[in-house]
Amino acid sequence: MTAMLVSASAAAPAGVVPTDRAGPVLVVDGLKVAYGNATALHGVSLEVHAGETVALIGANGAGKSTTLRAISGLLKARTGTITFEGRSIANLAPDRIVAAGIAHCPEERHVWPGMTVEENISLGAYLCRSKAEVQRRVGMAFHRFPRLRERARQLAGTLSGGEQQMLAIARALMSEPRLLMLDEPSLGLSPKMAEEVFEVVRSINAHGVTVLLVEQNIHNALSVASRAYVVETGRIMAGRRSEDLRGDPDLLRAYLGG
Amino acid sequence: QETVRIGLIQPLTGSVAYNGQSVVEGARLAIEEVNAAGGVLGKKIELIIEDGQCKPANSVNAVEKLVQKDKVVGLVGAFCSSATAAIMPVAQKYKIPLVTGVSSKADLTEQGNPYFFRAAETDGLMAKAFAKILAKDLKLGSVAYIGVNDDWGRGGIEEFSRDLSALGVKTVLTEYFDHGTTDFFTLLTKLRAAKPDGVFVAAETQDGSILVKQIRELGITAKVFGVGSWATADFIKLAGDAAEGIHAAVPYASTYEAPRNQAFVKKYEAKYGIKPGKYGAAGYNALNIVAAAIAGAGSTDAEAIRAALQKTRYEAPNGVYQFTGKGQAYGFDAVLVRLEKGEPKVIASAPVEATD
Amino acid sequence: MNALHDAEPLLRADNLTMRFGGLTAVRDFSFEIMPGEIVGLIGPNGAGKTTCFNMLTGFYTPTEGRVRFKGVDITNRKPFAIARMGLVRSFQKTNVMKRLTVFENVLTGHYLDGRQSLLETFLPGERVRRAERAARDSAATIIEMMGLGRRMNAPAHLLSCGELRLLEVAVALAAKPTLLMLDEPAAGLNSHEAAGFGETLRTLVGRYVQSLLVVEHNMGLVMSVSDRVVVLNFGQKLAEGRPHEVQANPDVVEAYLGKAAA
Amino acid sequence: MTLERNTLLVALVGALLLPFAVTDQYLLHLAVMALFYVVLATSLNLVVGYVGEFSLGHTAFLGTGAYTAALLSTHAGLPLWITVPVAGLVAAAFGFAIGAITLRLQGPYFVIVTLAFAEVLRLVANNWIAVTNGPMGLAGIGQSGLTDKREFYFVILALAALALYLSYRFVYSNAGRAAVAVRENRYVAQSIGVDPFGAAMQAFVLGAFMAGLAGGFYAHYISFVGPEVFQFAFMATIIIMVLMGGKGTLVGPIVGAVIVTLLEEYLREVQELRLTLFGLIVMAIVLFLPNGLMGFVARRREQHGSTILRNTPAEEKTV
Amino acid sequence: MDLFLQYLANGLVIGAFYALSALGLTLIFGLMRVVNFAHGEFYMLGGVLGWFVTAHLGLNFFLGLALVAATMATLGWLVDRFLIERVRGQGEEPGILLTIGLSIFLVNATLLVVGPAPMKVAGAFAEGPVFIGPIIVTKLRLLAVAVGAAAILAAHLLIRRTRLGRAMRATFQDPMAASLAGIRTKHVYAATFALGCTLAALSGMLLASVYSAQASIGGLVSLKSFVVVILGGMGSFAGAVAGGLLLGIAEAMWGGYVATGMVDVIGFVLVILILLFRPQGIFSARAERA
Ligand SMILES: Nc1ncnc2c1ncn2[C@@H]1O[C@H](COP(=O)(O)OP(=O)(O)OP(=O)(O)O)[C@@H](O)[C@H]1O
Ligand SMILES: Nc1ncnc2c1ncn2[C@@H]1O[C@H](COP(=O)(O)OP(=O)(O)OP(=O)(O)O)[C@@H](O)[C@H]1O
Ligand SMILES: [Mg+2]
Ligand SMILES: [Mg+2]
């Protein structure tokens, strides 16, 4: 199945969006990634279907973030293929991948500390050249995160941890991606705020955006995701429906350690 | 050894490289001539040039290399007085005669180093020769002094201001600037306010040309005179119209009317495409002096060369060089020139006299 | 001696206020920590918890109010001086010495144990050597305890986010504090790891540290380890009490916990 | 740690034997200059490698040391064994004063303000004629009866050994670790009780002391001291040595000092091309051995290749 | 009083020149945080190339300026892509060493090719004095100040107002986040370096027409430019202007009323004093919290 898709994409001209919107939009196959000489992923394979929300869960240091980094082009795959909407994106630069419709909200926030909240947000839509459109999206972001509107002129580096997290999420949404990848979006958020963020994720998803999520709060993760992959030391151990995992705490404990 | 080796240490990189290169040009010409005439002691002379960067430590490195590795029998150089001061003890230790054609700091010859000879004027000697002519010719009542902030600039100003003051010329301003300064407007504003009859400047080509240009830009009409390698085509080209009418006391000018000099100028121009300046002549003379001493010594023995140097009577383009007991040259002519229509016109010349 | 009901609090903050330009991040906030106590500090994002940490440890000077630690006024002291008194904190944003190995990080944490005169630096005697050995042993023990044993000699920049959080706690522990203050130490740990981490925290008190102040958004962790919970909202104290009391407080649910907790 | 110590000991034995094997005065002179630079590079390494701040003002200490020795020798006629230690102490005092101001700053601000101090001192040396003799410099500094190069060699070797011993002790001590903590992460350092200012100051003053010793030696050996000892050109040479050899290691600066000294001399062969080539070589080394020669050796085991660092160090240090 | 006004005018002109020659450094050092020791050499190359295109190719001044700008932009781009790019993200030091190496190479290669003699760059028009009340300036100086002001304003607007400018700031503050926003960071780096290089060269050629071009001028220019950038605060053009003018006026006053011998000292003393009281320079704010 995967092999077929890859070869089909090789034949299709670049940029052609497959009409089968229900098929897998993202296919990762046999992905191997290393930091220097230390291999972090030993062949990860996964599939995300259009309109789905999929979670990656797993223990500390398992390689969840590394998987996302490889998809968004921050890390180069040693071997393996990454196909997005039928097109191979394994060797594209991050900025090309963003242009292709994938947004990645990275771990540890990475806001631009010396720029204001508003600048941070509007730069999220860097590739959008229409000023009016950017303005609309900024309004949208402020609507989703009223706290950020209050802080629009504050330098992002002086925000509290949770506020920076909101900013990072808001910024990632600005490119209006077709695939949104969030790395621990609830990190540092209060329970209430985390809930609100997941509400945002649900509503975005409801508008047809596919979501790939790394989340440590298993309860929250399984509540938004329809499926989850469990990652362990650089390998995908299982791809399960959320209900199944939720119903089986022992299984979860076995996967997640602790 | 089938050649006789002479070491030359000059700044070939850095801020005074420009002048150092001129010395090297003169030196090369001298060696070419000597070798064409059969060399010395039946052998050709080999000139080994090292970059001392006008820095004491680097110059010492260069001397060590020249003496130990290349086994030179004589040394010329180091340009800046500080570098020369640093290599003098090394030359003395290895007993290798050292001739400088440039370093003018007065006390170098006062250190009792028997291997050191200076084939150059000192500022004191220049001042003595020309102060009176200048004061009278330019009708100076008051003078402002501007000099580059180094041993040479300071020395020049001290000597000339002493001699001019003794002639009753009033000093209205004394200022120093750092080498490589490009903007003199502030200094010159001060100068303009002081309204002197004349401005004495001790500066080399680059600084000097910019300075005189800016003097004219600021509309200062005082007469400009001083010391530096100003009697050169480069200076005149750089300074442009501002050079007109400037007086310079120089140890050498290519327009000096002696047949020997005209022959030298012709050869130099043929080889390098420009007329020799103060530093080209210095290199030429220093190397000729050393070569002649080796020939006169009849061997490459250091003591013999030293003795021969002491007895030097070298007929240079600009007069006859001899050395005092302390190794200070005298007998050659220094000239006072006025720059007119792009040519340095000699208006006076005087032999530099022995002081001890 | 370390009893909960000791009259003298270990740390006492009186009427702390912090203003940044026009913004008041913390307003008139007072609380105390008794010896032997684990206190949880919670509150919505931007409520002022980290700012509070910064004031208590000397990284910020409070606009108003005073801080007393072990009965001494430390309001205007420098961070390192406060640390030397036994008040050590971790940071919300990961701060470790990335180019050093895990072991070196924790060994460096033992700085206060091994302080020496200039003379001893250059002519080390038996005392210095003994202190050095003790520090090395202690570092290894702490690393094992935090579950980083297999990463002992890995340079810190090779660690994943969650591991870095644990390393930070290890470094802070190495300084042998009386009061340890942790700012979201479990951020990045998954639910199960967080539970394990909670166990570890409880074992620390009494053995390694006297008291603990924890800022956390992981309610499972806070509620299970804390003896007492203080809630901040908009820079002011909203509630204080035993975990279950606070959890049931409708204001806290409204401002912080959200409907899921109800 | 032991590897580094043993390497140093072997190098010391080799250095002790050298003058018996080499009689060529020129080579011996180069050996003296190389060791002189070893002291300087080692001292700068303490600041750059262990305080982690880039000082461009190290010539301030070289220069004060050199002038101190020169003045003591020319005015009071004191011999080298007195002037050199005094030069070190005076430089250390300057280090303390300058450090008190500059160590409050970090990053580029520190870089430039240290440079500013060196330049101020250079300008003072250039203009305070009554004391320093201005641009004319101080010539004829006594050589204290040392006539043979070999004797100078042993003096500078002793200084180099001292500098390395002090560095070694410092680096592997608790105080050294504190300095590294400050270098790596100021916030962590403070929270574990390290006084960032004090820790940096120790290394800074120690570095100044060593540079002062080197300066004192320089004055006697070259016998002439002028304002150029404060110049940036000196600084550039030392920086190249430290970085080329590998900062933050003890052996690195030694390797760097020896290689650069020899390289500069060897390149005399190519005449005018000398410095052009030198510049190219410096660039090539950065490109191919970004951690310096020693870093290259040391890092082979760590292997961190082309990782994306999580962030740039400057922005890392926020809470 | 006239004297004071003239000093002030001198100081303003020189200050404008300082700001102008520090412009490239404000970008490369102040914004991009590459401690660029080759800045002075880029400036120098501007002057030397200016001499070459006017004296040898016979171009008129402004055409020459355009050609020099284009050449230096290319050079800057190449230097970034082939040199700086390779040590990016490895901390400050490799960049320092690299640019020191580059500066040694550029000076000496230039010395080899054109020699150490000063070179005269023909100005846009004949030099001559201009009288403003009791004050004298010259035509070429006024031109340089005008062009400099235009360049500074343009650079400022570029950074603050354009998409590229925002991309630059984002890239230098967090390159990873920038690339995740769709910014081509490699191009941004190279473009900034090229721009910094071009600005340095432009000022080099402009000022060479007022003074003269010379192969070994770079060191001094670098030094003064660092002072200006630090005085004003890293990466701020308003700061660079303020720093330049402050330095220029301080030097003029010190030179005028005290002594010209030690004017250079004033800049360094200012740097020390200002950093003592305002450790981020005059014009920067901190975006960092503890
Ligand atoms: N920048 C890096 N350089 C080198 N190694 C890294 C880097 N980042 C992560 N690693 C290593 O790669 C492996 C996977 O890390 P990754 O960050 O993907 O884990 P994770 O599943 O996201 O963990 P966490 O839940 O703690 O964030 C880990 O073993 C880690 O040590
Ligand atoms: N240096 C500063 N300048 C301006 N505002 C600041 C500064 N530091 C903190 N703030 C503001 O003060 C408020 C409190 O911040 P603080 O970091 O203390 O929150 P917190 O309770 O730790 O939140 P979180 O749970 O999100 O970490 C925030 O709104 C923040 O934006
Ligand atoms: Mg992760
Ligand atoms: Mg916080």
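Order of the sequence lines fixes the chain letters, A, B, ..., with proteins taken first and strands second; residue numbering starts at 1 for each chain.
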Highest number of heavy-atom pairs under 4.5 Å with chain E: which of A:H104, A:R129, A:E119?
A:R129
Look up atom NE2 in E:H187 and atom CG in A:D95, then write down how far apart they are to the nearest 0.5 Å.
8.0 Å
Looking only at heavy atoms, the pair that brings A:Y126 and E:A181 closest together is CB-O, 3.5 Å
Going by residue number, which parts of residues 136-148 of chain A are within reach of chain E, meaning a heavy-atom gap below 4.5 Å?
none
Are the side chain of A:W112 and the backbone of E:A170 linked by a donor-acceptor contact shorter than 3.5 Å?
yes
Look up atom CZ in E:R169 and atom CE in A:M115, then write down how far apart they are to the nearest 0.5 Å.
5.5 Å
CE of E:M176 to CD of A:E107: how many Å apart, nearest 0.5 Å?
8.5 Å
Heavy-atom cut-off 4.5 Å, strictly under: side chain, backbone, both or neither for A:Q154 against chain E?
neither
If I compare all heavy atoms of E:S179 with all of A:V98, which pair ends up nearest, and what's the gap?
O-CG2, 3.8 Å
How long is the straight-line distance from CZ of E:R163 back to CG of A:L127, given to the nearest 0.5 Å?
6.5 Å
Taking every non-hydrogen atom, the tightest pair across E:R166 and A:S122
NH1-OG, 4.0 Å
Okay, A:R171 and chain E: the region with an atom under 4.5 Å from a heavy atom over there is side chain
